[in-house]
J.: 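Before I ask anything, let me first share the structure, which is written out below as structure tokens.
For this chain, numbers begin at 1 and follow the sequence in order. We count ligands from 1, going down the list as the structure has it; atoms in each ligand are counted the same way.
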Amino acid sequence: MSRKRKETPLSQRAVPDVVRDKARPPLAIVLGSPAEVVHCLRFLGGMEAICYQMDLYQAERLQAELAEQQTTATVITAADLWDLPTVFQTVLYLPARAGERELKIDMVEQAFHILRPYGTLMVWSPYEADPFFANLLKKIFGRVHTPHLGSETVLWCRREGDRPRRRHEVTFQARIASGPSCRFLSRPGVFSYGRFDNGARALVETMTVHPGDRVVDLGCGCGTNGVFAAQQAGATGHIAFVDSNVRAVVLAEINARNNGVADFQTVASSRSEGLSEGSFDVVLANPPYYANYAIARLFLVRSRQLLKPEGRFYLVTKQVQEIADLMMETFENVEAIMHRGYTILSNTPFAS
Ligand SMILES: C[S@@+](CC[C@H](N)C(=O)[O-])C[C@H]1O[C@@H](n2cnc3c(N)ncnc32)[C@H](O)[C@@H]1O
């Protein structure tokens, strides 16, 4: 197999005929890029479908792609696949190349529970000759079919019988300096599964949060940074946990509650909507750098709008040059400090 072929995205490959042979409505398409999902829907010739996404930003991109390609489907964003409001005859899972292994296990596990009896799960995998999915499907469904399709890998299996719901999650513990130790629940598909990220640690060890501060944990993941900010903001402070990944928002709520955050709100939004502008003292950000810095830019612009005029913005990064340039477009003042191998940028001088 040539290297080029291996890297060709699914959206640019012919959909294998077995997908059409096995697909019966009602159909669910699980994850996949907007281009891949629309490619499959068009191949299936308008079959009624629900497209599951975990992230609002991805869901909005998929809605836009569906509209552009004049293709009809219902897009549902939910923390868990097994929360979809109906059961399906066919589930087609489009795992991401280089995606998180634990998320793949979780999606296959949850897919079992949204199938009707004898319903079919199909996985169109971007990996050729990789036994990972064959072993996984066999473990969860009991039997797996791996038809020989040349260079394509479509695996399918049937739901037979029942099995208990098995949730994949890990709890980890973290503390800042001599502060109290906190326990955080994490689940696959949310940043830094099972551990406190080193960049996040660098950020919270550098921030200044005063008692009574109103803080936004922007792109909160499972909420570690906001929980540590709450230790300093105290009982009169307020923390807003914001993420576009709805599973992350569920976790942030659980972790805020379990770690005794006195006053908080959670917001699932890709544009940090629903927060009152000009009302926050601090924004904390550890942004993602995909989409050509579009998200990092959005984080900066929204932070500026959410902060009070004298509000403090803290961002951790390893992409210093690109982000410093973007920050200078947004804030009058940009300060930098190195900590634990990361750069923390702020619009305010760091406490010495
Ligand atoms: C690098 S992770 C940081 C997570 C956590 N704050 C930490 O420091 O460990 C970036 C987070 O931003 C979220 N995110 C991505 N795009 C977003 C958007 N448009 N709006 C809000 N959050 C977004 C991701 O889901 C992810 O949880």
Side-chain angles (χ1 to χ4, degrees), residues 31 53-64 77-79 96 99-100 103 170 172-174 176 182 184-207 209 215-230 239-256 259 261 264-275 280 282-303 305-306 313-319 323 326 339-345:
L31 301 179
Q53 294 285 325
M54 197 182 281
D55 190 285
L56 291 163
Y57 179 76
Q58 292 299 336
E60 286 156 17
R61 284 184 57 223
L62 175 54
Q63 296 274 23
T77 312
E100 186 190 340
L103 179 63
V170 171
F172 64 91
Q173 213 153 338
I176 297 301
C182 295
F184 294 98
L185 182 68
S186 66
R187 290 180 180 153
V190 175
F191 180 74
S192 202
Y193 178 54
R195 65 187 179 90
F196 184 31
D197 177 59
N198 288 332
R201 178 178 283 282
L203 176 69
V204 298
E205 285 178 345
T206 313
M207 68 190 179
V209 176
V215 180
V216 184
D217 182 354
L218 185 49
C220 60
C222 73
T224 50
N225 308 348
V227 167
F228 287 121
I239 314 291
F241 295 91
V242 184
D243 209 292
S244 55
N245 179 322
V246 294
R247 183 175 280 191
V249 174
V250 166
L251 290 171
E253 171 149 16
I254 293 170
N255 289 325
N259 288 297
V261 177
F264 71 91
Q265 67 186 116
T266 54
V267 179
S269 168
S270 65
R271 290 185 184 74
S272 325
E273 289 139 336
L275 294 166
F280 289 91
V282 178
V283 176
L284 303 172
N286 180 7
Y289 293 108
Y290 50 75
N292 201 18
Y293 294 101
I295 313 276
R297 191 187 294 271
L298 178 80
F299 273 31
L300 286 163
V301 170
R302 288 297 290 141
S303 296
Q305 293 165 344
L306 293 170
F313 176 71
Y314 297 99
L315 177 148
V316 61
T317 189
K318 282 198 163 175
Q319 327 278 318
I323 297 301
L326 288 180
H339 185 49
R340 294 184 180 270
Y342 290 83
T343 301
I344 293 86
L345 298 168

J.: For atom 3 (C) of ligand 1, what is the nearest protein heavy atom, given as residue, atom name and distance?
T.: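 Residue, atom and distance for the closest contact: Asn286 O, 3.3 Å.
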J.: If you count the atoms of ligand 1 from 1 in the order shown, which ones are under 4.0 Å from a heavy atom of Asn245?
T.: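 Taking each heavy atom of Asn245 in turn, ligand 1 has 25 (O) under 4.0 Å.
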J.: To which protein heavy atom is atom 23 (C) of ligand 1 closest, and what is the distance rounded to 0.1 Å?
T.: Ser244 OG, 3.2 Å
J.: Would you mind reporting whether Leu315 and Phe299 have side-chain heavy atoms less than 4.5 Å apart?
T.: no
J.: Where on Ala285 is there a heavy atom closer than 4.0 Å to ligand 1, on the side chain, on the backbone, on both, or on neither?
T.: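 It is neither part, as no heavy atom is under 4.0 Å.
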J.: Using a 4.0 Å cut-off to any heavy atom of Pro288, which atoms of ligand 1 qualify?
T.: 10 (C), 12 (O), 15 (C)
J.: Could an N or O of ligand 1 be found under 3.5 Å from any N or O of Ser270, whether backbone or side chain?
T.: yes
J.: Heavy atom under 4.0 Å from ligand 1: found in Asn225's side chain, backbone, both, or neither?
T.: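 It is the side chain that touches ligand 1; the backbone stays farther off.
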J.: Do His339 and Val316 have side chains that approach each other closer than 4.5 Å (heavy atoms only, starting at C-beta)?
T.: no
J.: Heavy-atom contacts with Ala200 under 4.0 Å: which atoms of ligand 1 show up? List them by number with element.
T.: 7 (C), 8 (O), 9 (O)
J.: Which is it for Phe196 and ligand 1 at heavy atoms under 4.0 Å: side chain, backbone, both or neither?
T.: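 For Phe196, there is no contact with ligand 1 at all, from either part.
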J.: Is there a donor-acceptor pair under 3.5 Å between the side chain of Asn255 and the backbone N or O of Cys222?
T.: yes
J.: Could you check whether Asn286 and Asp197, counting side-chain N and O atoms only, form a donor-acceptor pair closer than 3.5 Å?
T.: yes
J.: Taking all heavy atoms of Leu103 and all of Arg247, pick out the closest pair and write down the distance.
T.: CD1-NH1, 4.2 Å
J.: How close do Phe241 and Gly223 get, heavy atom to heavy atom, and via which atoms?
T.: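 Heavy atoms only, the tightest pair is CE2-O, 3.4 Å.
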J.: Under the ring-ring contact (aromatic ring centres under 6.0 Å, His included) rule, collect the residues that match up with Phe196, sequence neighbours excluded.
T.: Phe228
J.: So which heavy atom on Thr77 is nearest to which on Ala59, and how close?
T.: OG1-CB, 3.3 Å
J.: Which of the atoms of ligand 1 are close to Ser269, meaning less than 4.0 Å from one of its heavy atoms?
T.: 20 (N), 21 (C)
J.: Below 4.0 Å, non-hydrogen atoms only: which portion of Ile295 touches ligand 1? Side chain, backbone, both or neither.
T.: side chain
J.: If every non-hydrogen atom of Ser269 is compared with every non-hydrogen atom of Leu56, which pair is closest and at what distance?
T.: N-CD1, 3.6 Å
J.: Among all protein heavy atoms, pick the one closest to atom 6 (N) of ligand 1 and tell me residue, atom and distance.
T.: Gly219 O, 2.7 Å
J.: Looking at every non-hydrogen atom in both residues, tell me the closest pair between Leu218 and Ser272 and how far apart they are.
T.: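 Leu218 and Ser272 have their closest heavy atoms at CD1-OG, 3.3 Å.
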J.: Which is closest to atom 24 (C) of ligand 1 by heavy-atom distance: Leu203, Leu56, Asp243?
T.: Asp243
J.: With heavy atoms of Cys220 as the reference, note each atom of ligand 1 found under 4.0 Å away.
T.: 5 (C), 6 (N)
J.: Check each heavy atom of Ala248 against ligand 1 and say whether those closer than 4.0 Å belong to the side chain, the backbone, both or neither.
T.: neither
J.: Counting only nitrogen or oxygen atoms and a 3.5 angstrom limit, does Ser192 reach ligand 1?
T.: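 No - when backbone and side-chain N and O of Ser192 are compared with those of ligand 1, no distance drops under 3.5 Å.
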